[in-house]
Amino acid sequence: MSESDTSRHFLRQWIEKDVADGRTGGTVVTRFPPEPNGYIHIGHAKAVCVDFGMAELFGGECHLRLDDTNPTKESDEYAENIKKDIRWLGFRWSGAGDGTEPGFYNASNMFDTMYAIAENLIKAGQAYCCNLTQEEWKEYRGVPEKPGRPSPSRDTTPERNLQIFREMRDGKYADGEWCLRAKIDMASPNIHFRDPVLYRIRHVAHYHLGDKWCIYPMYDFAHPIEDALEGVTHSMCTLEFEVHRPLYDWVVDRLDEMGLLVVRGGVKIRPQQREFARLNITSTVMSKRLLLQLVTEGHVAGWDDPRMPTVCGMRRRGYTPGAIREFCARVGVSKVESESDPALLEWCVREELNQTAPRRMAVLDPVRVVIDNWGAEDSPNAVRTSNLNPARAVKTVELPNNPLDESAGTRQIPFGGEIWIDRADFMEVPEKKFFRMAPGQEVRLRGACIFKCTGCVKDETGRVVEIHGTWDPDSWGGNAADGRKVKGTIHWVDCATGVKAEVRLYDRLFTEKNPLKDGPSEFLKYLNPDSLQTVSAYVEPALAAAEPLARFQFERTGYFVADERDSRPGAPVFNRTVTLKDSYRPS
RNA sequence: UGCCUCGUGGUGUAAUGGUAGCACCGCAGAUUCUGAUUCUGCUUGUUGGGGUUCGAGUCCCUGCGAGGCAACCA
C-alpha cells in the first residue's frame, strides 16, 4: 500500500468533511490546471498526484484543464507534452470535457462565457474600463501599508464602460491602452482587492483559438469561472495563491448572483480553493523560467535532458511513474515550505527497480584480465573458440535475470578466459578490507569461477593495462570444491563477445544544495561540471538488443535505462538512473 | 513598519487536549555468489517566554524566525 492511501493530510480531511456535509452534490470534482507554457516537472507531478489522487480517493473526477489565458507564452507543443507526461505518470482525466475528449478542457474554450460575465459585471457597476498606464496604476494602487486611490475612470457609467469594453474586444485599441478592472476596494489591505485587472488587450494569436480574440482574461478572473462552470468542488493550488483566495471567492459570489453556479444532485456547487506547499528538492531548480533558461542557453540538452527535473527528463533518466508517485506520496502534503532530499527520490526508484529490473553485467571502466591457465583442456564442454584468442575455449555461465524474482528466468553468458573488469575492482597494493581483485588474493568472478590474481602489466605511465591470474578449475559455477569462502565477487564481461556501448553517467545538476542562494541570476555558477560523464563501456551480449526505455540493473553498479532517443538495438546507449547504494568506504 | 501563512530529529511527515511515532539519510552488526537486497540495533526533535488545564506539540497571549502578497504572468 502506498503512503497516499493512508495519509490523512489536511486537504483530504477538508474534502471528507465537505462530502459528509453533502456539499459536493454527490461527486468530488478536482482539476489540474497547468498553463501550456513549459514542460511539467516533478513539482507539477506532486500537484498531479494531489489533484488526481484526491478525486480517485473519493470516487470523483479530475479534469485536465489547460489554463491558456495568456497567449504570449503558450504553445501546442507544450500542451501536447503536458498531456503525454500526465498519461505517462499513470493518471486519466475524467468528467464531461468541453467537446474534444472526456475530462479535458481548454480555459480558452470558455472565453465567450467569460466575456459575457465581464459585460454583466460592467452592467452591474462592478467593473469598469481604465486607461491608466501601468506606471500610473502602480502609483494609484499604492503599497500594502497604505491605501490606494481611485482611478479617474472608476465612476464611468456602465453604458460608457460597455462601449469601451466592446471596442477593446473589437480591436480598436492598442495593447495596454485600456483594461477592464473589477470595482472592489482601493483601501483593502489585500492588494488583490484594489480593483484588480480582469481583462487586458493582447494583439497576439492564441495557439488554440488563433486570432479570435485580442482581449484575454486574467488568471484571477478566469480561474474561478472555469472551476465554477466545470462544477469543480475542490480547487487545490500552491501557497502563493493564498492571498488570491478572497478574490476567488468574490468572483464566485458574482457568479452566484448571476445564477451561473452548477447545480448537481440538488446542491449548488460553490468551488472552494485551498493551498498547499509546492515541492522543492535540494540541488535542483524547479522554476519554469530557470528550467527554460537552462534549455535555451544550452546548459542541458533540452527539456528532456536526463538531468532535468522535468517529467520527460526523469523518464529519459530511467525513473518509473510508480517511483515518482511513491515519492510524491512520501513527501506528503502540508502548508510548510520545505525542501525534500533527492535521496528519497533515489530510494523510491531503487525500491521499485530492485524488484523489477533484469540484472545484467556491464563494465564501465574496462581493464583486461587474462586467465593464463584457461584452455580447451580445462573446458570439456567448450562450444567454440574465442574470437580474440582462437586457442581459448568458451564455457557458458548461467545467471538469474533477477534473484528476487524466479519467474524472470535465467540467461546464458559466454566466458572465454579473457574478460573485462572494472578498474576500480583491482588494486595492485590492496588496502585492508579490499575484497576485490589484488595480487595473491582470490576473488569470485560472478557466476563463473574463483580467480587468483598473479600480477599485472603496466604501461610507461604506470597505468595498469592488463591483469593476469589463474582460475581454480574445481570452482566452475562460482563455488570452491573444498568449500573455502571467497569474500569478494566481481562482475565481468567476456572480451570476445562483449558489446561496446555508450554509457552516460549522470549526477546532480548543481553542486550547491540551494542553487538560488545568491539569487536567481547567480544559479548558473553552481552548475555541476561533472553532472554528465560519458564512458565507453563493455556490456554483456544480451544488452545489445535493449529497446529504448528498457531498464536494467547493472550488477554492483546501478540502475540504467536504454536511452529513449539515442539507443537502438545493436547500438545501445545507456543512461544511469541512479547508482546502487555502496557501503564500501576506502580506508 | 499593512495583510496573509507557516514553525516537530539532518530531511520529510504523523500525533486532531492523554505514552512524541513513521519514513529517508547516517552509524553499527548479522546474512549474502551484487560491499546491492534482506534482517537487527542505534544516534538525533516539539522556536523562546508566559497562561488555561489533572494533563499542552496541540488551546490562549507574547516574543523570535521563515515565507507569500505591491505583472495588464499563472
Side-chain angles (χ1 to χ4, degrees), chain A residues 3 6-10 13 33-35 37 67-70 72-74 130 132-134 137-138 141-148 175-181 188-194 196-202 215-216 218-220 222-223 237-246 275 277 279 282 288-289 327 330-348 350-351 354-355 359 361 399-400 403-404 433-436 443-448 450 477-479 485-491 553-558 579-585:
Chain A
E3 296 270 312
T6 54
S7 172
R8 294 188 65 248
H9 52 73
F10 75 105
Q13 294 182 45
E35 184 186 15
N37 67 346
D67 210 1
D68 49 1
T69 58
N70 181 359
T72 59
K73 299 181 294 180
E74 299 161 4
C130 173
L132 250 25
T133 66
Q134 284 192 54
W137 173 254
K138 191 174 174 184
R141 182 189 45 218
V143 291
E145 297 85 350
K146 289 193 186 78
D175 288 9
E177 204 172 337
W178 286 88
C179 68
L180 181 74
R181 329 195 81 100
S188 172
N190 184 340
I191 286 283
H192 300 283
F193 264 18
R194 322 246 265 228
V197 173
L198 266 25
Y199 262 94
R200 79 288 216 187
I201 301 172
R202 281 272 187 286
I215 57 171
Y216 292 92
M218 298 289 292
Y219 169 88
D220 281 324
H223 209 84
C237 62
T238 44
L239 248 30
E240 69 269 25
F241 291 102
E242 214 157 19
V243 281
H244 295 242
R245 192 154 97 205
E275 311 81 15
L279 173 67
T282 54
K288 267 192 209 173
R289 203 191 97 232
F327 172 74
R330 282 176 178 270
V331 296
V333 179
S334 77
K335 300 191 72 157
V336 186
E337 295 180 49
S338 55
E339 292 204 305
S340 291
D341 190 335
L344 180 60
L345 223 200
E346 292 171 354
W347 180 86
C348 289
R350 286 190 191 109
E351 172 78 0
N354 183 41
Q355 303 298 322
R359 271 54 170 175
M361 291 196 288
L399 279 172
L404 273 45
K433 299 253 192 128
F434 184 80
F435 306 135
R436 286 112 92 151
V443 68
R444 179 182 295 104
L445 300 175
R446 176 79 163 138
I450 293 173
N479 286 314
K485 296 289 181 203
V486 175
K487 178 74 179 169
T489 298
I490 65 173
H491 62 283
Q553 183 198 94
F554 290 178
E555 290 205 37
R556 301 210 312 131
T557 303
T579 62
L580 249 34
K581 263 184 73 173
D582 183 8
S583 63
Y584 172 62
R585 298 280 174 273

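Letters A, B, ... mirror the listed sequences (proteins, then strands); counts begin at 1.
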Dot-bracket pairing map - RNA chain B, Watson-Crick plus G-U, both contacts under 3.5 Å, | cross-strand: .((((((..((((....[..)))).(((((.......)))))....(((((..]....))))))))))).....
Glycosidic class, syn or anti, of B:A71 using a 90° window around 0: syn
Pairing residues for [X] by the salt bridge (Lys or Arg N to Asp or Glu O under 4.0 Å) criterion, not counting sequence neighbours:
| X | value |
| --- | --- |
| A:Arg245 | A:Glu275 |
| A:Glu74 | none |
| A:Glu35 | none |

First of A:Gly332 and A:Lys433 reached from the 5' end of RNA chain B, by closest nucleotide: A:Gly332
5' precedence on RNA chain B between A:Glu242 and A:Arg446 (nearest-nucleotide basis): A:Glu242
Would you kindly give the [atom1]-to-[atom2] distance between [X] and [N], to the nearest whole Å?
| X | N | atom1 | atom2 | answer |
| --- | --- | --- | --- | --- |
| A:Glu339 | B:C25 | CD | P | 19 Å |
| A:Arg245 | B:G68 | CZ | P | 19 Å |
| A:His9 | B:U8 | NE2 | C1' | 19 Å |
| A:Arg444 | B:U34 | CZ | C1' | 11 Å |
| A:Leu344 | B:G12 | CG | P | 11 Å |
| A:Lys335 | B:G12 | NZ | C1' | 18 Å |
| A:Leu239 | B:G67 | CG | P | 13 Å |
| A:Glu275 | B:C3 | CD | P | 19 Å |

Select one nucleotide: of [options], the one nearest the side-chain heavy atoms of [X].
| X | options | value |
| --- | --- | --- |
| A:Glu555 | B:U8, B:A70, B:U34 | B:U34 |
| A:Pro403 | B:A36, B:C24, B:U34 | B:U34 |
| A:Trp347 | B:C6, B:C25, B:C69 | B:C25 |

Separation between [atom1] of [X] and [atom2] of [Y], rounded to the nearest 0.5 Å:
| X | Y | atom1 | atom2 | answer |
| --- | --- | --- | --- | --- |
| A:Trp347 | A:Asp341 | CH2 | CG | 13.5 Å |
| A:Tyr199 | A:Cys179 | OH | SG | 13.0 Å |
| A:His9 | A:Lys335 | NE2 | NZ | 13.5 Å |

Does a side-chain heavy-atom distance below 4.5 Å link [X] with [Y]?
| X | Y | result |
| --- | --- | --- |
| A:Pro246 | A:His192 | no |
| A:Ser7 | A:Val333 | no |
| A:Asn70 | A:Arg202 | yes |
| A:Thr557 | A:Thr579 | no |

Considering only atom [atom1], compute the distance from [N] to [M] and round it to an integer number of Å.
| N | M | atom1 | result |
| --- | --- | --- | --- |
| B:U11 | B:A71 | P | 34 Å |
| B:C6 | B:U37 | C1' | 39 Å |
| B:G10 | B:G50 | P | 24 Å |
| B:U52 | B:C61 | P | 15 Å |
| B:G9 | B:U62 | C1' | 27 Å |
| B:G7 | B:U13 | P | 9 Å |
| B:U43 | B:A66 | C1' | 28 Å |
| B:C72 | B:G2 | P | 24 Å |

Aromatic ring pairing A:Tyr219/A:His244, orientation class (parallel under 30°, perpendicular over 60°, tilted between): perpendicular
So what does [X] touch, heavy atoms closer than 4.0 Å: a base, only the sugar-phosphate, or nothing?
| X | value |
| --- | --- |
| A:Gln553 | base |
| A:Phe434 | base |
| A:Val333 | sugar-phosphate |
| A:Val331 | sugar-phosphate |

List the atom of [X], the atom of [Y], and the distance in Å for their closest heavy-atom pair.
| X | Y | result |
| --- | --- | --- |
| A:Pro33 | A:Asp67 | O-CB, 3.6 Å |
| A:Cys348 | A:Arg330 | SG-CD, 4.0 Å |
| A:Ile191 | A:Val143 | CD1-C, 4.2 Å |

B:G35 base / A:Arg436 side chain donor-acceptor hit below 3.5 Å: yes
Taking OP1 and OP2 of [N], is either one under 4.0 Å from a side-chain nitrogen or oxygen of [X]?
| X | N | result |
| --- | --- | --- |
| A:Arg556 | B:G35 | yes |
| A:Ser340 | B:G12 | no |
| A:Ser338 | B:U13 | yes |

List, with names and distances, any nitrogen or oxygen atoms from the protein found under 3.5 Å away from nitrogen or oxygen atoms belonging to nucleotides 37-39 of chain B.
from: B:U37; atom 1: O2'; to: A:Asn354; atom 2: ND2; distance (Å): 3.1

Report each atom pair, protein N/O against N/O of nucleotides 71-74 of chain B, whose distance is under 3.5 angstrom.
from: B:A71; atom 1: OP2; to: A:Arg141; atom 2: NH2; distance (Å): 3.4
from: B:C72; atom 1: O2'; to: A:Gln134; atom 2: NE2; distance (Å): 3.2
from: B:C72; atom 1: N4; to: A:Leu132; atom 2: O; distance (Å): 2.7
from: B:C72; atom 1: N4; to: A:Gly176; atom 2: O; distance (Å): 3.4
from: B:C73; atom 1: OP1; to: A:Arg202; atom 2: NH2; distance (Å): 2.3
from: B:C73; atom 1: OP2; to: A:Arg200; atom 2: NE; distance (Å): 2.8
from: B:C73; atom 1: OP2; to: A:Arg200; atom 2: NH2; distance (Å): 2.8
from: B:C73; atom 1: OP2; to: A:Arg202; atom 2: NH2; distance (Å): 2.7
from: B:C73; atom 1: O3'; to: A:Arg200; atom 2: NH2; distance (Å): 3.0
from: B:C73; atom 1: O2'; to: A:Asn70; atom 2: ND2; distance (Å): 3.0
from: B:C73; atom 1: O2'; to: A:Lys73; atom 2: NZ; distance (Å): 3.1
from: B:A74; atom 1: OP1; to: A:Thr69; atom 2: OG1; distance (Å): 2.8
from: B:A74; atom 1: OP1; to: A:Arg200; atom 2: NH1; distance (Å): 3.3
from: B:A74; atom 1: OP1; to: A:Arg200; atom 2: NH2; distance (Å): 2.9
from: B:A74; atom 1: OP2; to: A:Tyr219; atom 2: N; distance (Å): 2.9
from: B:A74; atom 1: O3'; to: A:Asp67; atom 2: OD2; distance (Å): 2.9
from: B:A74; atom 1: N6; to: A:His244; atom 2: NE2; distance (Å): 3.2

